[in-house]
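Quantities reported herein were computed from a predicted structural model and do not represent experimental measurements. Count residues from 1 along the sequence.
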Amino acid sequence: MTSKGNAGNPPTPSPAPVKSQPLWHNLVSGGIAGVSEILVMYPLDVVKTRQQLQVGKGQSMMSSLVTMVRHDGLKMYRGIVPPILVEAPKRAIKFASNKFYEKQILAFCGNTKPTQMQAIGSGVLAGITEAFIVVPFELVKIRLQAKENAGKYSSTMDCVSKTFRAEGLSGFFKGLESTIWRHACWNGGYFGLIHTVKAALPKPSTEQGVLVNNFVAGALAGTFGTILNTPADVVKSRIQNQVGAGKYNWCIPSILTVAREEGFSALYKGFLPKVLRLGPGGGILLVVNEFVMKLLAGKN
């Protein structure tokens, strides 16, 4: 006697579960993605920093870029050593810690895919984690990039040495609180939006289509994160460029000071080079990260 339903038919095999990749895959792919992004986008980062440090009306992005190329030449890459040194661990921590916090949140809430609020939460936590790692490197980078410091530091190590002698070890953590705000806002916006954008895009049928979708989603999410975190980034740059006590201290009071003295638009100084860097840069990050993850998983 045959049973009803699938009588005579072989049982349908259940799909094999997707195997989770180890954490070190996230670390390696995130690190390679970060170094790739900074090598391409660094000149825009210098322009961004110089515009943020200007009090009052300053040059446009194109004027700043032309002036920098004409007067500095290859010296515009001053300060690239600290971000290169920290970029691999920073980006690695960005993706790996986001994945770690996402897994913890999903396990706690009992669902298999993150909601938008859960994605924002894991992104914010990843940003806070990342901030503790990057703040000393950011401080040295800002001081080397600042136009007014051109003759003050002869090299990265000279900047490190002079900062340590003048301010001690704690001096390297100046601007930590504003750095936390900056990274929490960007990561929360980036990881919070990227799933929504990916879901809204047409489903790709080719590997090239996947890369295009990843770039578009990463660029849009990176731009959104940049809109959220630019005010914190402006005051972070000013706090970290101060030697000793100064006018700017905590993030929110400093944002209010800049808005009161220079107008609301001053909180978005350097926004254009920043968004031109971090918008496409977010796309580069996602494309390279996912490409390397596939290579490591043997899916090339």
Side-chain angles (χ1 to χ4, degrees), residues 34-35 37-56 58-59 61 63-91 130-183 229-230 232-251 254 258 266 269-270 273-274 277-278 281:
V35 172
E37 187 269 343
I38 198 170
L39 288 173
V40 175
M41 298 292 184
Y42 186 74
L44 285 174
D45 188 58
V46 179
V47 172
K48 181 263 301 184
T49 298
R50 292 185 177 182
Q51 287 189 331
Q52 289 179 341
L53 293 174
Q54 292 170 350
V55 177
Q59 288 182 304
M61 185 197 77
S63 297
S64 297
L65 191 57
V66 169
T67 301
M68 184 178 72
V69 171
R70 184 183 299 151
H71 289 244
D72 296 347
L74 289 177
K75 288 183 179 178
M76 68 183 172
Y77 282 90
R78 271 170 53 93
I80 197 173
V81 173
I84 284 290
L85 289 176
V86 78
E87 197 67 18
K90 179 178 89 169
R91 298 302 186 188
E130 184 185 1
F132 281 92
I133 306 299
V134 306
V135 66
F137 297 89
E138 279 286 318
L139 182 134
V140 174
K141 183 199 77 167
I142 292 294
R143 293 186 178 183
L144 287 168
Q145 287 180 340
K147 199 172 182 180
E148 62 269 28
N149 294 340
K152 188 174 181 180
Y153 307 113
S154 60
S155 66
T156 299
M157 286 311 299
D158 184 50
C159 180
V160 170
S161 176
K162 286 178 177 175
T163 299
F164 181 75
R165 285 202 303 270
E167 301 169 74
L169 187 62
S170 63
F172 291 101
F173 288 87
K174 179 180 283 186
L176 173 61
E177 181 250 2
S178 55
T179 305
I180 288 172
W181 277 102
R182 184 183 80 153
H183 285 266
N229 89 335
T230 297
D233 194 30
V234 169
V235 300
K236 181 199 78 71
S237 294
R238 296 190 181 189
I239 290 168
Q240 292 187 319
N241 197 42
Q242 295 174 151
V243 177
K247 181 178 182 179
Y248 307 104
N249 41 55
W250 300 98
C251 186
S254 296
V258 172
K269 281 186 174 181
K274 183 175 166 71
R277 180 198 169 189
L278 292 179

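Listed by chain and number, the residues in a side chain to side chain contact (heavy atoms under 4.5 Å, CB included) with Ala146 are Leu53, Glu148, Asn149, Asn241 (sequence neighbours excluded). In terms of the side chain to side chain contact (heavy atoms under 4.5 Å, CB included) criterion, residue partners of Phe137 (sequence neighbours excluded) are, by chain and number, Pro82, Leu85, Val86. Scanning for side chain to side chain contact (heavy atoms under 4.5 Å, CB included) contacts around Asp158 gives Tyr153, Ser154, Ser155, Lys162, with sequence neighbours left out.
Rounding to the nearest 0.5 angstrom, the gap separating the NZ atom in Lys274 from the OG1 atom in Thr49 is 9.0 Å. The distance from the CD1 atom of Ile239 to the CD1 atom of Ile142 is 11.0 Å, given to the nearest 0.5 Å. Summarising the geometry, atom CG belonging to Leu176 is positioned 8.5 Å from atom CH2 belonging to Trp250; distances are rounded to the nearest 0.5 Å. Distance check, rounded to the nearest 0.5 Å: NZ of Lys141 to OG1 of Thr156 gives 12.5 Å. Note that OH of Tyr42 and CD of Gln145 are 4.0 Å apart. Values are rounded to the nearest 0.5 Å.
Although no hydrogens or angles enter the test, the distance criterion places a donor-acceptor pair under 3.5 Å between the side chain of Lys174 and the main chain of Gln242. For the pair Glu177 (side chain) and Cys251 (backbone), a donor-acceptor distance under 3.5 Å is present.
In plain terms, the two heavy atoms of Arg143 and Cys159 that are nearest each other are CB-SG, 4.0 Å. Taking all atoms of both residues into account, the shortest heavy-atom contact from Gly175 to Lys236 is O-CG, 4.3 Å. Here the closest non-hydrogen pair linking Phe173 and Phe132 is CE2-O, 4.2 Å.
No option in Val234, Val47, Val258 other than Val234 meets the side-chain contact (heavy atoms from CB on, under 4.5 Å) test with Gln52.
Using modelled atom types and a 3.5 Å distance limit, the side chains of Ser178 and Arg182 yield no donor-acceptor pair.
The side-chain heavy atoms of Asp233 and Ser237, taken from C-beta on, include a pair separated by under 4.5 Å.
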